[in-house]
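All figures in this text were calculated on a predicted structure; none of them were measured in a lab. Below, chains carry the letters A, B, ... as their sequence lines are ordered, and counting in each starts from 1.
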Number of protein chains: 2
Amino acid sequence: MTISSRFAVGIHILTLIDLNKDGISSSEYLAGSVNTNPAVIRKIMGMLKKSGLIEVHPGIAGAKLAKPISDITLLDVYKAVNVVQEKELFSVHENSNPDCPVGRNIHDTILPLFSAAQLALEKSLGSVTIEDVVRDIMEKEKCK
Amino acid sequence: MTISSRFAVGIHILTLIDLNKDGISSSEYLAGSVNTNPAVIRKIMGMLKKSGLIEVHPGIAGAKLAKPISDITLLDVYKAVNVVQEKELFSVHENSNPDCPVGRNIHDTILPLFSAAQLALEKSLGSVTIEDVVRDIMEKEKCK
DNA sequence: TTCACATGTAATCATTCTGGCTACATGTCT
DNA sequence: AGACATGTAGCCAGAATGATTACATGTGAA
């Protein structure tokens, strides 16, 4: 199993919108860089818009960032594109046998442990911004 | 998306084997507590065995722990049951457009960021042992 | 107003993964 | 030999993903 690439595509979109300040970042343009279908991009754009990360308007070509890139963390994108529900990164088997000491307690014991792990992951994502991503890409470009 | 419940079931199995030291932990017995099919349990037992966490033998009923519970971390179980491949918790879209500065670099830029997040999660799992789980379950039992 | 074009969104489709289940080969002990 | 347990392979229904098509809605210029 893997976390949906919507997350990676979301990062790609935001980064490209920033680096394409002078041009128009339409869903078709973005789709060309990501190499997928414009409808897929529009769906993700809708999620980013709903979370207040970008501004898009029906009928008007192009998306713009709604915040400075230094204020957008990977965690913001991660939550925006809805790849993982709150406290549900790990799934726990339901219907354990209530007649067994382990069966009737395992759920409550495991849940906080899983939550802690998920929080650790999210904290890591929260420490990186789109600005970091943009900077890294520009550095990689220099060396080519 | 969620991480397969094989992970949670693996923890359940190890915990129950420990608390059932006096009895025989056959796949059918374990399945009864988890509330699933014995074949599912046997499949997971095979993974735990392959990783050196338990001892099972064909034809001989019952599984035993291969290590003290204080030496088995949730990370060991997580890796044993193969829910997530190395560096592949997050999926990244392939085939980005090489003619675009973002398209040709995004993969290399994102990968280490995702790896760091995955490592943070694994570190968290590595700090908890089955002993901790057993202790917590016994405490919860006391209060009933 | 009409037309070209962009976003918003629903529906369909093939693919993949999960968990439950059956069936049976293999191995062990009485 | 027979009872029973593990080790596997195979099948199934259900869920999620990403690609694609289609179309309603909205905007601005001719």
Which of the following nucleotides, [options], is nearest to the side chain of [X]?
| X | options | result |
| --- | --- | --- |
| B:N37 | C:dG8, C:dG20, D:dG7 | C:dG20 |
| B:M45 | D:dG28, C:dA6, D:dG7 | D:dG7 |
| A:A39 | D:dT17, C:dT7, D:dT21 | D:dT21 |
| A:P58 | D:dT8, C:dG8, D:dA19 | C:dG8 |
| B:V56 | C:dT28, D:dT17, D:dT6 | D:dT6 |
| B:R42 | D:dT27, D:dT6, C:dT7 | D:dT6 |

B:S33-B:H12 side chain donor-acceptor pair, cut-off 3.5 Å
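On atom types as modelled, these side chains qualify, holding a pair under 3.5 Å.
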Would you kindly give the [atom1]-to-[atom2] distance between [X] and [N], to the nearest whole Å?
| X | N | atom1 | atom2 | result |
| --- | --- | --- | --- | --- |
| A:M47 | D:dT17 | CE | P | 9 Å |
| B:N35 | C:dG19 | CG | P | 14 Å |
| B:E28 | D:dA5 | CD | C1' | 10 Å |
| A:Y29 | C:dT7 | OH | C1' | 18 Å |
| A:R6 | D:dT17 | CZ | C1' | 8 Å |
| B:I24 | C:dC29 | CD1 | P | 12 Å |
| B:F7 | C:dT18 | CZ | P | 15 Å |
| A:I44 | C:dG8 | CD1 | P | 13 Å |

Ignoring hydrogens and angles, write down the donor-acceptor pairs under 3.5 Å from the side chains of residues 110-122 of chain B, residues two or more places apart or on other chains.
from   : atom 1 : to     : atom 2 : distance (Å)
B:S115 : OG     : B:L111 : O      : 3.2
B:Q118 : OE1    : B:E88  : N      : 3.4
B:Q118 : OE1    : B:L89  : N      : 3.2
B:Q118 : NE2    : B:E122 : OE2    : 3.4

Which comes earlier along DNA chain D counting from the 5' end, the contact point of A:T2 or that of B:G46, where each point is its nearest nucleotide?
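Its nearest nucleotide lies further toward 5', so the answer is B:G46.
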OP1 or OP2 of [N] under 4.0 Å from side-chain N/O of [X]:
| X | N | answer |
| --- | --- | --- |
| B:S27 | D:dT6 | yes |
| B:S26 | D:dC4 | no |
| A:S5 | D:dG18 | yes |

Which is true for [X] with a 4.0 Å heavy-atom rule: it touches a base, it touches only sugar-phosphate, or it touches nothing?
| X | answer |
| --- | --- |
| A:A61 | sugar-phosphate |
| A:K49 | sugar-phosphate |
| B:H57 | sugar-phosphate |

Which residues share a side chain to side chain donor-acceptor pair (under 3.5 Å) with A:D136, sequence neighbours left out
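A:D136: side chain to side chain donor-acceptor pair (under 3.5 Å) contacts with A:K140, B:T109.
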For B:T129 and B:I72, indicate whether the former's side chain and the latter's backbone hold a donor-acceptor pair under 3.5 Å.
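No, the answer is negative, given that no donor and acceptor are paired below the 3.5 Å cut-off.
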What's the separation between atom OG in B:S127 and atom CG in B:L74, rounded to the nearest 0.5 Å?
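One finds 8.0 Å between OG of B:S127 and CG of B:L74.
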Going through the checks in order, is the side-chain hydrogen bond (donor to acceptor under 3.5 Å, both in side chains) test met by B:T73 and B:D76?
CA-CA 5 Å; B:T73 69; B:D76 294 327; 3.2 Å; yes
